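Just so it is clear, the structure is predicted and the values come from calculations on it, not from any experiment.
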Amino acid sequence: MFRPIAPLLCILCLIPAFSCGRDEAWDVFAGRSMAELVVRSAAGMEKFDVMAFDSSSGKLVCRGRADDGKASLTLPLWTACDICLLANIPSEDVSRIRCIEDYISSRVCLEDGSPFSLPSSGRACNVEVPSAEVVVDASRLFSKVSVLRISPLFMADNPPGRKVTLNRIYLVNVNGSVPYEGTAEVGEVWHNALFPEKDLPPQLQRLLVRDMDYEVSDTMAIQLSVELFCCPNPVSNDVTFLENPEWSPRNTRVVVEFTVGSRKTYYPVSLPSMRSGTEYRINGMILSGDGSPHPDIPVDGRDFLDSDIVVVPWRDSDVVCPLY
């Protein structure tokens, strides 16, 4: 870890009263008629947090927690509210949000996620209660990096008897956090800065590294289904270890690591400026020559590495359902 100096569409409907957390703006609405709103995830999400902020003052009016697929909010009639949804965010972080400014300024850390509980958020502004239909788009806050195929053509020149092993595939120069609003920003914490950390915590290991230990014997393409996850990194300046061996923000890179004989060699691929809820899919990597001596140094300029990167919406993260 490096610290530098520097669409959930849900259903809201009027129902008989349920309880929910009341907050700062509540006294302002004393004596007002109330309506109970229930929030559901038609995509089957069982657990999520929902908050309502007064659109005028930004103060938190009410919050609720869904543990069985629905959450209830008691809100004053004919009041405009901002409805915010958070999924797979640590509950202690959610409980600190007391106003819309807290929500906007808060960030989720990469280490708080896992491949099986990736954070999502969404916000609908100026929702009047009651509302016949409210649509809140919630999308993944992380980015996804996929590697589907590697063609080790350099094996054509491998001397007989020299062992070649595909060790692992991982990300370097990884931004450590992302705002709840989902716009990528440079954070204060970075992981795998320049090279993989030796003692990466297990939760980050699951997101950033895929161990392979695959012995390569010929030039046949290796079919993969590697999926890595990270906070989006907005930096795209093409700075590498050659230009600046001291850490500074730079492109996130996906690195394929081999052991050739007794020597480690690396094939890094630079990712563009990244966005939340986006997949960076490497359909194929053609490795036709020697790799690099360092995971943050590009492969030699003799076309020894050719990669096909496709930037697409993270389709399997679309959690979209109407709010009635």
Side-chain angles (χ1 to χ4, degrees), residues 110 113 115 118 139-154 166-176 178 182-186 190-196 207-212 214 216 219-243 249-258 265-292 294-318:
L110 182 63
L118 295 162
S139 56
R140 299 293 194 197
L141 292 175
F142 288 177
S143 302
K144 178 180 178 181
V145 181
S146 305
V147 182
L148 304 184
R149 186 177 67 255
I150 295 174
S151 299
L153 302 187
F154 67 86
L166 170 56
N167 299 319
R168 52 185 178 162
I169 300 173
Y170 50 83
L171 300 177
V172 296
N173 310 329
V174 177
N175 193 14
V178 58
T183 302
E185 295 179 359
V186 173
W190 291 76
H191 303 288
N192 284 1
L194 301 180
F195 47 81
L207 293 168
L208 303 180
V209 181
R210 175 69 67 86
D211 292 318
M212 306 297 294
Y214 177 83
V216 183
T219 60
M220 182 175 293
I222 304 168
Q223 304 298 327
L224 303 169
S225 59
V226 172
E227 295 182 345
L228 304 172
F229 306 93
C230 62
C231 292
N233 174 14
V235 178
S236 183
N237 56 15
D238 294 324
V239 172
T240 73
F241 187 82
L242 286 176
E243 289 84 24
R250 59 194 68 192
N251 295 63
T252 296
R253 296 184 169 93
V254 56
V255 182
V256 179
E257 178 187 292
F258 285 85
T265 188
Y266 310 91
Y267 294 89
V269 175
S270 297
L271 299 173
S273 178
M274 304 177 78
R275 302 187 301 272
S276 293
T278 302
E279 179 181 359
Y280 299 83
R281 185 186 302 155
I282 301 179
N283 289 320
M285 294 177 63
I286 298 174
L287 314 179
S288 56
D290 293 339
S292 167
H294 191 284
D296 195 54
I297 297 176
V299 172
D300 188 286
R302 291 171 288 175
D303 295 329
F304 281 180
L305 186 155
D306 183 25
S307 60
D308 174 21
I309 304 177
V310 178
V311 181
V312 295
W314 187 351
R315 294 295 184 189
D316 61 359
S317 73
D318 291 344

What closest approach, in Å, do Lys144 and Ser146 show between heavy atoms, and which atom pair accounts for it? CE-OG, 3.6 Å

Scan the side chains in residues 232-240 for donor-acceptor partners under 3.5 Å anywhere in the protein, sequence neighbours excluded, and list what turns up.
residue: Asn233; atom: OD1; partner: Val235; partner atom: N; Å: 2.9
residue: Asn233; atom: ND2; partner: Arg250; partner atom: O; Å: 2.8
residue: Asn233; atom: ND2; partner: Thr252; partner atom: OG1; Å: 3.1
residue: Ser236; atom: OG; partner: Asn251; partner atom: ND2; Å: 3.2
residue: Asn237; atom: OD1; partner: Val239; partner atom: N; Å: 3.1
residue: Asn237; atom: ND2; partner: Pro249; partner atom: O; Å: 3.0
residue: Thr240; atom: OG1; partner: Leu242; partner atom: N; Å: 3.2
residue: Thr240; atom: OG1; partner: Glu243; partner atom: OE1; Å: 2.5

I'd like to know if the side chain of Asp308 and the backbone of Asn283 have a donor-acceptor N/O pair within less than 3.5 Å. no

Has the side chain of Asn173 got a donor or acceptor atom that lies under 3.5 Å from a matching backbone atom of Ala193? no

On a heavy-atom basis, which atom in Arg210 and which in Glu227 lie closest, and how many Å separate them? NH2-N, 3.7 Å

Taking the six-membered ring for Trp, are Phe258 and Phe154 parallel (under 30°), tilted (30 to 60°) or perpendicular (over 60°)? perpendicular

Pro268 and Val299, any side-chain heavy atoms less than 4.5 Å apart: yes

How many angstroms lie between CD1 in Ile150 and CG in Leu224, if you round to the nearest 0.5 Å? 5.0 Å

Using every non-hydrogen atom in the two residues, find where Pro295 and Leu194 come nearest and quote the distance to one decimal. CG-O, 3.6 Å

Please give me the minimum heavy-atom distance between Val147 and Val254, naming the atom from each residue. CG2-CG2, 4.0 Å

Where is the tightest heavy-atom contact between Glu257 and Tyr170, given as atom of each residue plus distance? OE1-OH, 3.1 Å

Nearest-0.5 Å distance that lies between atom OH in Tyr266 and atom CG in Asn167: 8.5 Å

Applying side chain to side chain contact (heavy atoms under 4.5 Å, CB included) between Trp190 and each of Asn175, Val174, Leu110, report the one that passes. Asn175

How about Met212 and Val256: do any of their side-chain heavy atoms sit closer than 4.5 Å? no

Are Phe229 and Ser143 close enough that some pair of their side-chain heavy atoms sits under 4.5 Å apart? no

Verify, without hydrogens or angle tests, whether Asp296 (side chain) and Phe241 (backbone) share a donor-acceptor contact under 3.5 angstrom. yes

Given side-chain contact (heavy atoms from CB on, under 4.5 Å), test Phe142 with Cys231 step by step and report yes or no. CA-CA 5 Å; Phe142 288 177; Cys231 292; 3.6 Å; yes

May I ask you to test the Tyr280-Pro272 pair for a side-chain heavy-atom distance under 4.5 Å? yes

Work out which heavy atom in Ile309 is nearest to a heavy atom in Ser270; give both atom names and the distance. CD1-O, 3.8 Å

Pairwise side-chain contact, Pro152 with Ile222, heavy-atom cut-off 4.5 Å (strictly under): yes

N/O donor-acceptor pair under 3.5 Å between Tyr267 side chain and Gly291 backbone: yes

Between Arg140 and Leu118 (side chain of the first, backbone of the second, donor and acceptor by atom type, cut-off under 3.5 Å), is there such a pair? yes

d(Leu148 CG, Gln223 CD) to nearest 0.5 Å is 8.5 Å

Taking Thr219 for the side chain and Leu153 for the main chain, is one N or O donor matched with an acceptor at less than 3.5 Å? no

